Each structure stands twice: as C-alpha cells, then as structure tokens.
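This report refers to the structure that appears directly beneath it.
What you see below is based on every heavy atom in this structure, not just the backbone, and it leaves out hydrogens, waters and symmetry mates. What you see is a predicted model, and the numbers here were worked out from it, not measured in a lab. Along the sequence shown, residues are numbered consecutively beginning with 1.
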Amino acid sequence: MKILVIGGGGREHAIIWKLAQSPKVSQIYCAPGNGGIAELAEIIPISAMDIPALVAFAQENSIDLAVVAPDDPLVAGAVDAFQSAGIKAFGPNKAAAIIEGSKSFSKELMKKYYIPTAAYEVFENSAAAIDYVRGNNQFPTVIKADGLALGKGVIIAQDLAEAEAAIRSILDDKVFGDAGARVVIEEFLTGQEVSVLAFTDGTTIRPMVSAQDHKRALDGDLGLNTGGMGTFSPSRVYTNELADECMEKIFRPTVEAMKSEGREFRGCLYFGLILTDNGPKVIEYNCRFGDPETQVVLPRLESDLVDIMLATVDGTLGEVDIKWNDNAAVCVVLASGGYPQSYETGYEISGLEDAEAAGAIVFHAGSKRVDGKLVTAGGRVLGVTAIGKDLDDAIAASYKAAEKISFKDMHYRRDIGVK
Ligand code: AMP
Ligand code: GLY
C-alpha cells in the first residue's frame with residue numbers, strides 16, 4: 001500500500017513510525033513532513049491546508065490511504081475531498097470534525113445527550129457576556145473562543161477584569177478572527193486531566209491506553225501554557241473502574257450522539273477528561289490524535305496500525321483485535337529557548353544517534369535538514385520517548401537519552417511523568 005500522511009509534527013512522526021512497521025506498506029509520503037519524518041517517508045512540499053493539491057498528488061501517485069492528522073484540514077473538509085476523489089481517507093469528515101471545530105457545538109451536544117461537562121453559556125455579544133460573568137461572580141472562570149485558535153483560545157480568568165479583557169479581545173477585537181465569533185463561558189473545574197484517544201468507526205469504540213500531558217512551560221506546572229512539554233502513558237490515576245465509567249457515561253454516549261445527529265464520526269476521537277470529585281467530565285473533544293500524547297500511546301500498540309485504520313474507515317472495527325503492551329512510555333519535549341513566546345530557529349541539533357543508542361525513539365516536531373545538517377525549525381523541536389517496564393523506568397530512560405541531545409538554548413522540563 002502507498003500511504004499519504006498529512007501534517008508535519010511529532011504526532012505525524014509517531015504515526016509514520018508505526019505505519020512503517022506494517023508489512024502491508026510499500027511507500028509512505030508525508031506533506032509537508034519535517035527533518036525526522038524524512039528518514040521514513042518521502043517528503044512532499046505541499047501545505048496541510050492545500051487540500052486540492054493534496055488530492056491531486058494522491059490521485060497522480062495512486063495513494064491507497066490518506067491519513068489526515070491535524071485539526072485544521074479535518075475541520076476544513078479534507079477527508080470529504082479525498083473521498084469524493086475515490087481515495088480512502090482516515091479521519092472524520094467535515095460534519096463530524098465540528099466536534100472540535102466548534103466548542104459551542106460540542107457543549108450543546110453534551111447538554112442534549114447528558115454527557116458530563118462543565119456548566120456553560122454561549123455569547124456573541126460582549127456586553128451580555130460580561131454581564132453574565134459579573135452576575136455569576138465565580139472566579140476563576142473559563143473563557144473559550146468557539147473555533148480553532150491554535151491552542152490559544154482558552155483563557156482562565158482570575159477576576160472580572162481578566163474575564164472582561166478576554167471577552168473583549170475575542171468578541172470585539174477578533175484576535176482569533178472568525179474563530180472568535182462566539183465565546184463559551186465555563187465553570188472552572190479542578191482535578192487531574194487525562195487524555196483518552198479512541199478509534200471509532202461510528203459504532204464500535206476502541207479506547208487506546210490513557211495518557212497525561214504537561215501543558216505548562218516550566219517544572220511544577222508553572223509558566224505559560226504550551227502545546228505540551230511532555231507526556232506519559234499510562235496515567236497513574238485512570239483506573240479500570242474509571243475507564244468503565246467513562247465508556248458508559250462519556251465515550252459511548254458521544255459516539256451515539258454524533259450518529260443520531262447525522263454526523264457519524266470515523267477516525268480518532270480524543271477525549272480530554274478532568275477527574276473531578278463529582279466524577280469524570282469532558283474538558284474538550286479533539287477530532288484527531290493528540291500531540292504529544294500520540295508519541296507515548298502508539299509505541300505501546302502491538303497491533304498493525306494499517307489494519308486498524310482501514311477497519312475504522314470501512315466500518316469494520318468490531319472485527320479487529322487491538323493489542324496494547326503493559327509497558328509505560330514517557331516523552332520529554334526538547335523546546336527552543338523562549339518557547340511558547342518568541343524563539344530563534346536554525347540551530348544545529350547534535351547527539352541524536354547517542355540518544356537513540358541509549359534506547360530512545362526521537363520523534364521530530366520542529367526540525368529540518370539544511371545542507372545535510374539537522375537544524376531546529378520550531379518551538380517544540382524533538383520528543384524523546386522511552387519505554388520502560390513502569391513509569392519510573394521510562395522516566396529514567398527518557399531523561400538519560402534527552403541529556404545526550406543538544407542545541408543552542410535548548411529547554412526541557414525535568415519533571416515529566418511525576419504527577
Ligand atoms: P483546551 O485548549 O480546550 O485544551 O484547554 C486548555 C486547558 O485549559 C485545558 O487542558 C485545561 O487545563 C484548561 N481548561 C479548559 N477548560 C477548563 C475548565 N472548564 N476548568 C478548568 N480548566 C479548564
Ligand atoms: N495535547 C493536546 C492536544 O493534542 O490538543
């Protein structure tokens with residue numbers, strides 16, 4: 001089979017690393033890819049959002065399966081475009097991707113189908129939104145832009161002034177453009193956050209092993225929010241009982257709700273959960289694999305990812321046996337100094353072979369090759385993943401490997417996996 005993967009981050013590197021192990025695969029292409037992906041796939045210089053060019057490439061090269069990994073092309077209808085051209089594509093269609101593309105949609109879905117989530121209201125008018133926050137008078141309060149905002153659309157406001165500023169910047173100043181046509185104002189929940197990704201063909205749901213993410217830039221969960229500074233699997237707090245409860249109250253009701261709404265979801269559905277004193281609740285849905293969660297989840301998958309993806313697309317997931325191993329995995333993200341604010345790129349990366357010799361898998365998030373040299377090309381540069389018999393083992397192995405790597409101003413957290 002010839003497979004085209006759309007995207008170019010650590011998540012896509014992990015997906016390709018796993019697909020490449022399948023005996024069914026003869027060739028993998030990746031658009032636009034990155035410097036690490038280039039070792040496993042042929043890099044195609046087409047942007048993930050240039051859907052007509054991606055479809056034309058797939059037709060010209062007789063692609064058997066397109067895997068659309070990032071949120072933006074999914075929400076924009078990339079899977080529909082591949083399917084109309086007669087090409088199998090893994091991922092939800094546009095109608096189903098709205099579960100991530102519009103937070104007001106997903107909140108209304110949860111309310112209608114009694115799926116546990118934070119209490120909320122939706123506003124289009126800033127004065128009404130501010131009146132609501134003032135009257136409610138509960139802080140912190142959570143302000144969310146309705147649409148996709150590069151992971152920056154959630155503001156936890158500590159007081160009325162912060163809430164007012166967030167509401168005005170989204171609704172009046174349109175800092176997120178059309179993604180901020182509406183805001184969702186939510187009750188602030190506390191508890192550990194767990195990510196559960198699940199394969200679903202619209203009927204059968206197969207949750208993957210659990211993961212937890214470290215979103216803040218600095219040790220001890222301090223500093224600014226980032227795209228993720230590291231991740232580990234399994235979660236220490238997500239027990240089998242909780243998994244059963246989530247299946248019954250959250251996973252199955254969500255998949256059934258989407259079907260009832262005429263928006264059958266096929267692909268990877270990501271449940272961002274928070275474990276509150278009143279039980280697990282949904283913080284967010286994503287219509288795709290999580291990044292960096294994928295870098296610790298897929299290394300624990302024993303089965304062939306191609307078989308699972310084809311069954312997900314074809315609606316035969318119920319017939320596939322999916323096996324996971326009992327190991328633990330930890331991914332430490334090596335970031336550019338200054339990230340998530342401004343940072344420099346183009347610095348040479350060294351020590352990768354030593355890190356791999358130490359037993360780690362190094363997934364590239366933001367790297368590229370320039371004149372044969374590997375250089376930094378993003379805020380998050382590498383994800384150093386190691387497998388161990390338990391979390392402590394995997395933590396030690398991933399830090400041992402991470403220490404072998406260096407580039408100018410490299411920054412990483414020292415406490416990944418210890419929550
Ligand atoms: P999101 O962009 O939806 O992943 O949200 C970013 C982060 O904001 C989440 O991972 C949570 O840590 C936090 N967050 C979002 N919604 C809430 C909420 N209702 N209560 C507490 N924290 C939240
Ligand atoms: N790790 C969070 C996400 O993929 O959105």
Hydrogens and angles aside, do [X] and [Y] bring a side-chain donor and acceptor to less than 3.5 Å of each other?
X	Y	result
Q212	E193	no
E293	S195	yes
S62	K2	no

Set out, in order, the CA-CA distance, both residues' side-chain angles and the distance that settles salt bridge (charged side-chain N to carboxylate O under 4.0 Å, His left out) for D307 and K24, then state yes or no.
CA-CA 9 Å; D307 290 340; K24 297 195 173 65; 2.7 Å; yes

Are [X] and [Y] close enough for a salt bridge, meaning some N to O gap below 4.0 Å?
X	Y	answer
D321	K323	yes
R369	E39	yes
R168	E164	yes
D314	K88	yes
D415	R413	yes
E264	R266	yes

Roughly how far, to the nearest 0.5 Å, is [atom2] of [Y] from [atom1] of [X]?
X	Y	atom1	atom2	value
L224	M229	CG	CE	11.0 Å
L40	C30	CG	SG	10.0 Å
L305	L19	CG	CG	4.5 Å

Can you tell if the side chain of [X] reaches within under 4.5 Å of the side chain of [Y], non-hydrogen atoms only?
X	Y	result
H411	L218	yes
D393	N327	no
I3	V67	yes
V209	Y238	no
N61	Y29	yes
V75	S102	no
E187	V142	no

Is there a donor-acceptor pair closer than 3.5 Å between any side-chain N or O of [X] and the backbone N or O of [Y]?
X	Y	result
D201	T203	yes
N34	H364	yes
D213	G228	no
S169	A166	yes
D146	G180	no
R300	N325	yes
T276	P280	no
S398	I395	yes
R288	A69	no
D50	I46	no

Quick one: do Y113 and E108 satisfy side chain to side chain donor-acceptor pair (under 3.5 Å)? Show the steps, please.
CA-CA 9 Å; Y113 292 91; E108 262 137 49; over 6 Å; no

Run the numbers on E100 and Y270 for side chain to side chain donor-acceptor pair (under 3.5 Å), then give the verdict.
CA-CA 9 Å; E100 175 170 2; Y270 169 127; over 6 Å; no

Could you go step by step and tell me if K103 and E186 meet the salt bridge (charged side-chain N to carboxylate O under 4.0 Å, His left out) rule?
CA-CA 11 Å; K103 290 189 197 289; E186 256 183 36; over 6 Å; no

Taking salt bridge (Lys or Arg N to Asp or Glu O under 4.0 Å) as the test, write out the residues that go with K249, two or more places apart.
E245

Would you say the ring centroid of F188 lies under 6.0 angstrom from that of F139?
no

Around atom [atom1] of [X], are there more than 12 heavy atoms of other residues, nucleotides or ligands at under 6.0 Å?
X	atom1	value
D178	CG	no
K373	NZ	no
K368	NZ	no
D326	CG	no

May I ask you to establish whether R414 and Y412 are in a cation-pi arrangement, using a distance under 6.0 Å from NZ or CZ to the six-membered ring centre and at most 45° from the ring axis?
yes

Do you know the tightest heavy-atom contact between [X] and [Y]?
X	Y	value
D159	E162	OD1-N, 2.9 Å
G77	I51	C-CD1, 4.4 Å
I43	I37	CD1-CG2, 3.9 Å
F90	V79	O-CG2, 4.1 Å
A198	I205	CB-CG2, 4.0 Å
L171	A181	CD2-O, 3.5 Å

Can you give me every donor-acceptor pair (side chain of residues 338-362, partner residue at least two apart or in another chain, under 3.5 Å) with its distance?
{"from": "Y339", "atom 1": "OH", "to": "G227", "atom 2": "N", "distance (Å)": "2.9"}
{"from": "Y343", "atom 1": "OH", "to": "G379", "atom 2": "N", "distance (Å)": "3.1"}
{"from": "S350", "atom 1": "OG", "to": "S406", "atom 2": "OG", "distance (Å)": "3.1"}

Using 30° and 60° as the class boundaries, would you call the ring planes of F271 and Y285 parallel, tilted or perpendicular?
perpendicular

